[in-house]
Amino acid sequence: SFAMNIYLFVYDLMQFCGHSWIFTNMIIRFMTFGKDSLADTFYSIGLVMRLCQLLSVLEILHILIGIDKSRLLPRFLQITERIIVLFVVINSQEEVQGKYVVCVLFFLWNLLDVVRYTYNMLARMGIYYLPLTWLNFSLCIPLYPLSVLAKGFAICVSLPYFESFGTYSIKLPFPFTFSIYFPYVLKMYLLVLFTGMCFIIQNLFYERMAHLGTGNKNKRS
């Protein structure tokens, strides 16, 4: 409906503004301060990044109620990967926040999202630029695996801190014998992360074929 289309356009616009601000801020800071800007990436843009990622949870709801025709499982996996790495791994360990991998991860996420939300906004208005369409469905294929590698590296870097501080590890007192050692949970999640990557890459190729397989599916405007 027209109302839902307007709502989705406003949602995409908000995300575009947030990710564009982050992406531009990162580039300007790097050009101004050079390598020194990488260490405090999280402190300068972390709040906006967290807001954008929390807002992205609405995309799962959009698919569930049928106003977005994307496939649920691939989008759910992509969103939960970011939420877990950003909020559970990076946000909870101050020592990890200053690592260069955080800057790399944020750069990849925002580069992909600036392109994706630009494409989505124009698509809501029935505007399809072939170069932008090609970029939207092609850029993610090499960059998504790189982002997964960066997520995996961030988790590996965080493991010594989770082991030292015992963050999220739970040990119930007597008479219970139940305990959760969180570094083990993260190591198991690494397997889930890379297994899910194979499934999502397959879906990205499927989407690319669906949108770029035949030229008449896209309009030049």
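All values below were derived from every heavy atom in this structure, side-chain atoms included, with hydrogens, water molecules and symmetry-related copies excluded. Positions are given from 1, in the same order as the sequence printed here.
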Testing the basics here: between [X] and [Y], what is the closest heavy-atom pair and its distance to 0.1 Å?
X	Y	result
Asn25	Ser44	OD1-OG, 4.3 Å
Arg71	Ile63	O-CD1, 3.8 Å
Phe106	Asn110	O-ND2, 2.6 Å
Thr41	Leu38	OG1-O, 3.0 Å
Leu122	Tyr129	CD1-CD1, 3.7 Å
Gly98	Tyr43	N-OH, 4.4 Å

Applying a strict under-4.5 Å side-chain criterion to I, L, V, M, F, W and Y, I'd like to know whether [X] and [Y] cluster together.
X	Y	value
Leu13	Tyr119	yes
Tyr128	Met125	yes
Leu186	Tyr184	no
Leu61	Met4	yes
Val85	Leu112	yes

Inset, instruction - Indicate yes or no for a side-chain donor-acceptor contact from Thr24 to the backbone of Trp21 under 3.5 Å, with no hydrogens or angles considered. - result: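 Such a contact is absent between Thr24 side chain and Trp21 backbone.
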Check whether any side-chain heavy atom of [X] lies under 4.5 Å from a side-chain heavy atom of [Y], and answer yes or no.
X	Y	result
Leu77	Leu73	yes
Lys35	Tyr100	yes
Val102	Gln97	no
Phe182	Val88	yes

How about [X]: does its [atom1] atom have over 12 heavy atoms from other parts shown lying under 6.0 Å from it?
X	atom1	result
Glu163	CD	yes
Met31	CE	no
Glu95	CD	yes
Tyr168	OH	yes
Phe87	CZ	yes

key: Residues Tyr206, His211; criterion side-chain contact (heavy atoms from CB on, under 4.5 Å); working and verdict   = CA-CA 9 Å; Tyr206 171 82; His211 288 84; over 6 Å; no
Which value, rounded to the nearest 0.5 Å, describes the distance between [X] atom [atom1] and [Y] atom [atom2]?
X	Y	atom1	atom2	answer
Ile28	Met26	CD1	CE	12.0 Å
Ile60	Ile65	CD1	CD1	12.5 Å
Ile180	Ser169	CD1	OG	8.5 Å
Tyr11	Met14	OH	CE	9.0 Å
Ile90	Leu105	CD1	CG	5.5 Å
Lys69	His62	NZ	NE2	13.0 Å

Output every pair passing salt bridge (charged side-chain N to carboxylate O under 4.0 Å, His left out) with a member in [range], not counting sequence neighbours, ordered by first then second residue.
range	value
residues 117-140	Asp12-Arg124
residues 105-120	Glu59-Arg116, Arg82-Asp113, Asp113-Arg116
residues 179-204	none

Walk me through whether Phe23 and Phe107 qualify under ring pair (Phe, Tyr, Trp, His ring centres under 6.0 Å).
CA-CA 7 Å; Phe23 191 68; Phe107 181 84; 5.3 Å; yes
Which atom pairs, one a donor and one an acceptor, fall under 3.5 Å between side chains of residues 47-56 and the rest of the protein, sequence neighbours left out?
| residue | atom | partner | partner atom | Å |
| --- | --- | --- | --- | --- |
| Arg50 | NE | Gly46 | O | 3.1 |
| Arg50 | NH1 | Asn91 | OD1 | 2.9 |
| Ser56 | OG | Gln53 | O | 2.5 |

Inset, instruction - Tell me, with the steps shown, if Asp68 and Leu8 meet side-chain contact (heavy atoms from CB on, under 4.5 Å). - result: CA-CA 9 Å; Asp68 187 342; Leu8 291 174; 5.5 Å; no
Would you mind checking if Arg29 and Asp40 are paired as a salt bridge, meaning a charged N to carboxylate O distance below 4.0 Å?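 Yes, this pair counts.
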Requested in this report: Taking side-chain hydrogen bond (donor to acceptor under 3.5 Å, both in side chains) as the test, write out the residues that go with Asn120, two or more places apart.
Outcome: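 For Asn120, no residue satisfies side-chain hydrogen bond (donor to acceptor under 3.5 Å, both in side chains) once neighbours in sequence are set aside.
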Quiz item: When the ring centroid of Tyr117 is compared with that of Phe16, is the distance short of 6.0 Å?
Solution: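 Tyr117 vs Phe16: aromatic centres not under 6.0 Å.
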| said: Measuring centre to centre across the rings, with the benzene-like ring taken for any Trp, is Tyr181 within less than 6.0 Å of Phe162? | reply: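 When the ring centroids of Tyr181 and Phe162 are compared, they turn out to be at least 6.0 Å apart.
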N/O donor-acceptor pairs under 3.5 Å from side chains in residues 134-156, not counting sequence neighbours:
| residue | atom | partner | partner atom | Å |
| --- | --- | --- | --- | --- |
| Ser138 | OG | Trp134 | O | 2.7 |
| Ser138 | OG | Arg208 | NE | 2.8 |
| Ser138 | OG | Arg208 | NH2 | 3.2 |
| Tyr144 | OH | Glu81 | OE1 | 3.0 |
| Tyr144 | OH | Glu81 | OE2 | 3.0 |
| Ser147 | OG | Tyr144 | O | 2.6 |
| Lys151 | NZ | Glu81 | OE1 | 2.7 |

